[in-house]
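Here, residue 1 is the first one in the sequence, and each next residue gets the next number.
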Amino acid sequence: MIVELAPRFLTWDDVDPTRQAFDATSVARTVRSLGPARCVPIRPDIPFGDPAMSAWSRGEAETWADAMSFALVQHYGRWTVGWRWSHDEGDFDGGPVGNWCCPRDSITTPEEALTRVEAALREWREWLEYLVGWFEAYPLDLSDIESQRILWERSARNLILQVVDRTGCGSGWHGHCRQVLTWFLDHWGVPPEVARGLVDEAIGGRFHSWTGPDTVVVDDVAEQLAFSLRPADGRGGADAPAQDHVRRWLAVRESVPWHEIPDGGADGPVVPLRDGAAEDIRAFDGAIAPARAHGLLSALELLRVDAARGARLDFTLLSSWQRHVLDTPRPPQFRTAPAFAKRSRERYGIGPDTRARFDACLAGSASDDGRPLGLTARAARACLDVCFFHPFDDGNARSAFLALVFVLAREGVALDGVSLLRRISFEADAPQDPLILVRYINIHLAETRRRAAGSTGSASR
């Protein structure tokens with residue numbers, strides 16, 4: 001699972017400033033040209049302790065900040081999501097950014113809010129450039145590790161101290177410290193998954209929120225990290241063969257214990273107090289671009305008509321919605337070439353039977369009286385099928401979300417919130433990701449039922 005707008009999931013490949021063009025002098029103009037700049041929410045004039053303020057901050061304001069992050073990613077690249085990684089308990093704990101805190105504190109007037117976005121983005125970029133300067137201070141070579149351990153140790157120690165200084169050791173600072181050390185090893189040729197393991201083992205849970213590490217601990221962590229490195233930890237010289245993440249997903253799909261997953265849809269249809277899918281589209285996609293929201297809302301309306309008539313979910317049905325999502329004159333065709341996602345970390349192959357296998361998978365989203373599978377598991381599985389078959393040249397994440405909504409709607413279930421379902425992406429070969437997605441659907445569905453029942457109870461009194 002990758003929380004798309006959460007900086008703690010950023011890899012060095014995502015953020016390496018030597019690979020990401022950026023003109024600091026044009027930031028103000030760029031930020032103000034993005035869709036969210038035209039609809040900055042204004043903080044209500046009420047006390048910070050008022051529950052209405054919390055509701056505004058977690059709702060309208062946070063959705064706007066998410067939309068701004070998405071727009072920045074679209075323009076500059078994924079590295080930009082760190083602009084909200086503030087010190088202490090801001091949007092994301094323990095970051096290096098001081099120019100942004102959280103929607104409640106940082107969104108005031110539109111002009112002031114946009115100025116803070118610009119300053120925070122510049123600050124985050126400067127930090128990344130500062131880090132790569134430290135990484136390059138001592139050119140390191142894993143093949144000559146024995147003679148360079150003192151340099152590896154010194155570099156790691158300095159990096160820990162830099163993160164300590166930059167974050168102020170507030171809430172969650174150690175998460176960014178682990179990340180920076182992982183980036184450092186990745187920069188010098190250690191694969192990220194290996195680097196994460198080495199860093200976690202070296203730190204060993206000895207860094208804590210709100211507490212600066214003792215010098216002895218810093219020295220010991222740096223020493224352990226340096227002495228844990230081996231020449232074999234580096235990347236191999238030969239290029240790995242191209243992988244097909246459609247096949248990897250199908251293997252994971254077969255291994256997931258779908259029938260054992262708790263089903264939040266077992267209690268039957270539910271009518272929410274509000275249309276969570278439509279409201280999120282208006283707030284999030286509408287802030288990015290009104291045309292984007294219009295297309296999704298049109299697809300959502302058509303989807304619900306199809307759900308009411310009990311339509312079968314297949315590529316043809318998805319394509320009829322995707323025509324509105326992408327604003328194309330005709331329903332888009334199934335892709336004819338390999339597709340890529342997550343900065344090309346996932347590659348989805350194509351073969352003569354790919355579309356047929358896709359339709360066969362989607363057919364499993366319908367209720368099966370012989371061996372019934374829970375509704376929320378079927379909705380999650382259909383969503384992930386769209387993600388990892390990647391049938392369209394563009395807009396697959398939106399198509400996957402619509403598929404999830406459709407499977408629920410076909411059995412009379414709608415949600416009054418979808419925030420856990422739209423700002424995340426999943427990995428084709430991660431067996432835990434399907435379980436996480438089902439859990440998120442169940443959480444939203446339980447909240448929807450609770451609010452609907454509360455409203456009915458209030459009305460009857």
Self-check item: Criterion salt bridge (charged side-chain N to carboxylate O under 4.0 Å, His left out) on Asp214 and Arg206, from CA distance to verdict
Solution: CA-CA 10 Å; Asp214 293 336; Arg206 289 178 289 174; over 6 Å; no
### Message
Can you see whether Phe284 has Arg423 sitting over its ring - NZ or CZ less than 6.0 Å from the centre and within 45° of the normal?
### Response
yes
- Yes or no on side chain to side chain donor-acceptor pair (under 3.5 Å) for Asp220 and Gln224, after CA distance, side-chain angles and deciding distance? CA-CA 6 Å; Asp220 188 57; Gln224 287 198 37; 2.8 Å; yes
In this structure, CZ of Phe135 is separated from CG of Leu128 (nearest 0.5 Å) by 9.0 Å
Hey, are the side chains of Pro391 and Arg335 touching, using non-hydrogen atoms and a 4.5 Å cut-off? no
Q. Backbone N or O of Glu4 within a donor-acceptor pair of the Arg78 side chain at under 3.5 Å?
A. yes
task = For salt bridge (charged side-chain N to carboxylate O under 4.0 Å, His left out), just list the numbers for Arg84 and Asp66, CA-CA rounded to whole Å, side-chain angles, deciding distance to a tenth of an Å, and then say yes or no.
result = CA-CA 10 Å; Arg84 293 166 64 189; Asp66 286 346; 2.8 Å; yes
The reported gap from CD in Glu223 to OG in Ser228 (rounded to nearest 0.5 angstrom) is 11.0 Å
Under the 3.5 angstrom rule, does the side chain of Asn396 hit a backbone N or O of Phe392 as a donor-acceptor pair?
yes
Any donor-acceptor N or O pair under 3.5 Å, side chains Trp249, Asp385: yes
Treating Arg398 as the side-chain partner and Arg292 as the backbone partner, does any N or O pair qualify as donor plus acceptor under 3.5 Å?
no
Check your understanding: Where does the angle between the aromatic ring planes of Trp183 and His176 fall among parallel (under 30°), tilted (30 to 60°) and perpendicular (over 60°)?
Key -> perpendicular
Basic-acidic side-chain contact under 4.0 Å: Asp13, Lys342: no
Can we say Arg8 and Asp93 salt-bridge, meaning some charged N sits less than 4.0 Å from an Asp/Glu carboxylate O? no
Exercise for review: Decide yes or no on ring pair (Phe, Tyr, Trp, His ring centres under 6.0 Å) for Phe184 and Trp134, but give the supporting numbers first.
Suggested key: CA-CA 9 Å; Phe184 166 60; Trp134 275 97; over 10 Å; no
task: Would you sort out whether Val27 and Phe22 count as a side chain to side chain contact (heavy atoms under 4.5 Å, CB included), showing the intermediate values?
output: CA-CA 9 Å; Val27 171; Phe22 181 70; 3.3 Å; yes
Q) Can a salt bridge be assigned to the pair Arg116 and Glu112 using a cut-off of 4.0 Å between side-chain N and carboxylate O? A) yes
### Message
Has Ser209 got a side-chain atom pairing as donor or acceptor with Gly172's backbone, closer than 3.5 angstrom?
### Response
yes
field: Parallel, tilted or perpendicular: rings of Tyr130 and Trp127 (30°, 60°)
entry: parallel
- Pi-cation contact, Phe227 with Arg149 (under 6.0 Å, within 45°): yes
For side chain to side chain contact (heavy atoms under 4.5 Å, CB included), just list the numbers for Val252 and Val256, CA-CA rounded to whole Å, side-chain angles, deciding distance to a tenth of an Å, and then say yes or no. CA-CA 6 Å; Val252 168; Val256 174; 4.1 Å; yes
With Leu185 as partner, the option from Leu225, Asp233, Val194 fulfilling side chain to side chain contact (heavy atoms under 4.5 Å, CB included) is Leu225
| query | Can you check ring pair (Phe, Tyr, Trp, His ring centres under 6.0 Å) on His390 and Tyr348, steps first, answer last? | reply | CA-CA 7 Å; His390 224 71; Tyr348 312 108; 4.6 Å; yes
Inset, instruction - Using a 4.5 Å cut-off on heavy atoms from C-beta on, say whether the side chain of Leu402 contacts that of Leu318. - result: no
- Applying side chain to side chain donor-acceptor pair (under 3.5 Å), run through His245 and Glu427 and close with a yes or a no. CA-CA 9 Å; His245 283 82; Glu427 296 172 278; over 6 Å; no
Original post:
Would Asp14 and Thr11 satisfy side chain to side chain donor-acceptor pair (under 3.5 Å), going step by step from the backbone distance to the final call?
Top reply: CA-CA 5 Å; Asp14 291 326; Thr11 66; 3.1 Å; yes
Charged N to carboxylate O under 4.0 angstrom, Arg29 versus Asp23? no
Glu129/Arg125 salt bridge by N-O under 4.0 Å criterion: yes
Using only heavy-atom distances, determine whether the side chains of Ser69 and Trp83 contain a donor-acceptor pair under 3.5 Å.
yes
- Would you find a donor on one side and an acceptor on the other, under 3.5 Å apart, between the side chain of Arg323 and the backbone of Pro329? yes
> Donor-acceptor pair, Arg378 side chain versus Ser365 backbone, under 3.5 Å?
Replying inline: yes
Interatomic distance, SG@Cys387 vs CD@Glu346, rounded to 0.5 Å, equals 9.0 Å
Any donor-acceptor pair under 3.5 Å linking the side chain of Gln322 with the backbone of Pro332? no
